[in-house]
Amino acid sequence: MKILMVCLGNICRSPLADGILRHKVNTLKLNIIVDSAGTANYHIGKAPDKRMIATAKMRGVDIGFLKARQFKYIDFQEFDQIFVMDNNNYEHVIQLARTDQEKKKVKLLLDFINDNQLKEVPDPYYGTQADFDEVYELVDRATDAIIESYLIDEKR
Ligand code: 4NP
């Protein structure tokens with residue numbers, strides 16, 4: 001199974017989602033490959049935002065080694081599931097899809113948390129530490145749900 005996390009810049013939300021899921025996958029020794037990308041090209045090659053690195057580090061998750069890259073068409077072939085952080089990311093990625101099968105791979109990350117009122121992971125870039133913490137909590141819950149669903153599918 002290969003999972004791609006996507007946001008706008010690939011320096012805040014998607015590297016966090018990538019890092020948290022990778023951390024859980026490694027701990028549980030699951031056969032899931034995780035990566036992330038941004039729809040924009042502003043930050044290609046950069047490490048994640050320092051505030052997001054610190055927010056993750058406080059919870060024991062290292063994301064400092066990740067480097068931003070832009071989402072590209074070939075990702076539809078490379079990945080089984082593509083999780084986007086917000087509706088803008090969704091529109092951007094869907095527009096690049098060429099088949100219904102490719103479109104079906106794309107889902108909002110928070111659709112994985114059933115009871116969640118928020119449908120989008122808020123962009124923390126211009127926010128405060130509380131916004132970064134909120135992103136962490138949301139992504140933590142969503143990645144738990146992804147793993148749960150993976151384990152259920154594996155048992156079938
Ligand atoms: P991300 O956050 O999409 O979660 O990586 C952002 C990072 C950079 C910008 C916007 C959002 N920016 O405008 O540079």
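Keep in mind that what you see is a predicted model, and the values were worked out from it rather than measured. Each ligand, and each atom within it, is numbered from 1 in the order the structure gives.
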So, are Arg13 and Glu120 salt-bridged, with charged N and O less than 4.0 Å apart?
no

Distance alone, cut at 3.5 Å: any donor-acceptor contact between the side chains of Glu91 and Asn87?
no

One line per pair, note the atom names and distance for all nitrogen or oxygen contacts under 3.5 Å between ligand 1 and the protein.
| unit_1 | atom_1 | unit_2 | atom_2 | d |
| --- | --- | --- | --- | --- |
| ligand 1 | 2 (O) | Asp123 | OD1 | 3.4 |
| ligand 1 | 3 (O) | Leu8 | N | 3.0 |
| ligand 1 | 3 (O) | Gly9 | N | 2.8 |
| ligand 1 | 3 (O) | Arg13 | NH2 | 2.9 |
| ligand 1 | 4 (O) | Arg13 | N | 2.9 |
| ligand 1 | 4 (O) | Arg13 | NE | 2.8 |
| ligand 1 | 5 (O) | Gly9 | N | 3.4 |
| ligand 1 | 5 (O) | Asn10 | N | 3.3 |
| ligand 1 | 5 (O) | Ile11 | N | 3.0 |
| ligand 1 | 5 (O) | Cys12 | N | 2.9 |
| ligand 1 | 14 (O) | His43 | NE2 | 2.9 |

Under the rule for ring-ring contact (aromatic ring centres under 6.0 Å, His included), what residues qualify as partners of Phe76, not counting sequence neighbours?
Phe71, Tyr73

Please determine which of Lys2, Arg69, Lys105 meets the salt bridge (Lys or Arg N to Asp or Glu O under 4.0 Å) test together with Asp75.
Arg69

Residues Asp18 and Arg22 bridged, charged N to O under 4.0 Å
yes

Verify whether one side chain among Asn10 and Gln70 offers a donor that lies under 3.5 Å from an acceptor in the other.
no

